[in-house]
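What follows is a short report on a single structure.
Atoms within a ligand are numbered from 1 in the order they appear, just like the ligands themselves.
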Amino acid sequence: MFKNQEMMERDLRHVWHPCTQMKDHERLPIIPIKNAKGVYLYDFEENSYIDAISSWWVNIFGHCNSYINSKVKEQLDSLEHVIMAGFSHEQVIRLSERLVKLTPEGLNRCFFADNGSSAVEIALKMSFHAHKNRGEIRPLFVSLENSYHGETLGALAVGDVKLYKETYEDVIIKTLQTPIPKGGEDDDIFEALEALEDIFYENEGKISAFIVEPLLQCAGGMRIYPEKYLNLARNLCKKYNIYFIADEVATGFGRTGEMFACNRADITPDFLCLSKALTGGYLPLSVVLSTEEVYEAFYAEYLEFKAFLHSHSFTGNPLACAAANATLDIFESENIIEKNREKSFYIEGKLNSLRAFKNIENIRSIGMVSAFDLKGYRFEDRMGLKLYELGLKRGVLIRPLGNTIYFMPPYVIKESEIDKVFSLIEEFLKSL
Ligand SMILES: *Cc1c(COP(=O)(O)O)cnc(C)c1O
């Protein structure tokens with residue numbers, strides 16, 4: 001028996017895969033990965049796959065990066081984990097110092113967790129709780145239409161992707177959604193801001209926070225919206241004393257061309273959620289940065305019961321923090337943001353060459369993310385799945401979101417590898 005086949009059969013006996021209708025795997029193979037290096041994943045039969053989606057948007061400096069590996073191994077021999085209540089360790093202290101320096105001015109306090117959804121839960125709870133500690137009960141949250149903030153119940157509640165949310169409508173808290181600007185013109189921006197202000201005005205004193213994926217809605221189909229909207233929405237939040245939560249779980253660490261999307265919009269949020277690329281995509285870790293003002297709302301005598309009594313077992317795990325510190329070392333020593341500009345430019349060139357195809361629309365890109373939509377297909381056609389399957393045959397891992405095809409590679413991808421991904425896409429588009 002082939003090794004892949006054997007692994008797949010063992011897998012399907014017990015493993016329940018995420019975001020998957022398992023019945024699909026009666027036909028669709030599970031690809032067991034034996035090892036990986038750089039942008040390449042290798043299965044048990046020496047087939048290689050270019051990881052064109054950074055293993056779900058987390059990996060930025062390649063798999064088994066020798067520098068990050070060495071730092072995690074070093075940490076492993078001194079401390080693997082320790083409780084973060086009452087205790088601390090050097091990696092988490094150093095990481096917090098560096099994050100405070102790197103992120104927009106004013107974010108001073110780092111609360112750690114171990115995944116993106118938890119970071120969103122924390123930001124939502126903290127924003128509600130900060131108001132409450134000041135004597136105001138504000139039970140509502142506002143988010144953008146088409147947003148995605150993770151899949152735990154609180155995160156789903158502020159999300160707006162039907163596919164994930166609809167089933168659970170009966171058990172999630174009520175939230176309000178506001179439109180993103182239809183386009184990049186000032187009229188579009190002001191129309192969306194007016195809708196936002198209407199919500200703020202009609203629910204005055206009842207909204208704890210407004211949460212956004214700044215500039216780029218990822219899971220909602222790689223939709224980009226203008227910086228100016230963010231900047232002005234941030235001001236509106238100040239006006240109504242509503243906290244502004246920037247969920248940069250996906251956009252953080254260079255994806256949109258700056259270290260953080262908030263930098264591009266020139267804003268400081270009240271809460272900044274980071275995860276995914278924080279550890280270079282190595283280990284589960286997330287962090288919510290917040291301001292001194294928020295921190296102080298919780299600072300009191302124990303028996304005033306104002307503390308944020310939220311915890312996760314693996315909060316601030318030392319191995320994960322070591323991977324995060326190593327990741328930040330690479331950003332510092334290799335001038336990554338600058339280097340990515342050349343790479344984005346190259347990718348944009350390839351993307352533009354697709355304009356000749358009549359069956360696609362909405363070609364767009366920002367930083368190290370590019371996308372377009374297939375034109376004239378229905379959800380049921382599962383066109384994305386067809387490209388995914390062709391990709392496996394051609395040695396590329398690409399995983400479209402419905403009819404949205406996107407490219408979101410590790411930053412270490414080379415031009416020849418970018419070419420290979422785009423020739424796969426061209427072959428697919430020609431076949432339609
Ligand atoms: C992926 C993602 C999350 C959820 O993170 P998990 O680690 O998958 O729980 C939250 N917000 C955004 C914007 C994301 O892209």
Below the 3.5 angstrom mark, is there an N/O of [X], backbone or side chain, next to an N/O of ligand 1?
X    : value
D247 : yes
V120 : no
W57  : no

Subset of ligand 1 atoms that lie under 4.0 Å from at least one heavy atom of [X]:
X    : result
G116 : 4 (C), 5 (O), 6 (P), 7 (O), 9 (O)
A250 : 15 (O)
G150 : 4 (C), 10 (C)

Under a 4.0 Å heavy-atom limit, does [X] contact ligand 1 with its side chain, its backbone, both, or neither?
X    : answer
H149 : backbone
N115 : both
S117 : both

Are [Y] and [X] an aromatic pair, judged by ring center distance below 6.0 Å?
X    : Y    : value
F372 : Y406 : no
Y148 : Y164 : yes
F141 : F128 : no

*Would a 4.5 Å heavy-atom cut-off, applied to side chains only, mark R109 and V294 as touching?*
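A side-chain contact under 4.5 Å is absent here.
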
*Determine, using heavy atoms of E248 and all atoms of ligand 1, whether some pair is separated by less than 4.0 Å.*
no

_Side-chain (N231) to main-chain (A265) donor-acceptor, under 3.5 angstrom_ = yes

*Under 3.5 Å, side chain of K306 to main-chain N/O of A297, donor-acceptor pair present?*
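No; judged by distance alone, with no hydrogens or angles, the pair does not exist.
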
*Does a salt bridge link E389 with K386, judged by any charged N lying under 4.0 Å from a carboxylate O?*
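Answer for the salt bridge query: no.
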
*Only one of E293, H131, K238 passes side chain to side chain donor-acceptor pair (under 3.5 Å) with Y243; say which it is.*
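Looking at E293, H131, K238, the match for Y243 under the side chain to side chain donor-acceptor pair (under 3.5 Å) is E293.
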
*Would you mind checking which non-hydrogen protein atom is closest to atom 2 (C) of ligand 1, with the distance to 0.1 Å?*
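Result: K276 NZ, 2.6 Å.
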
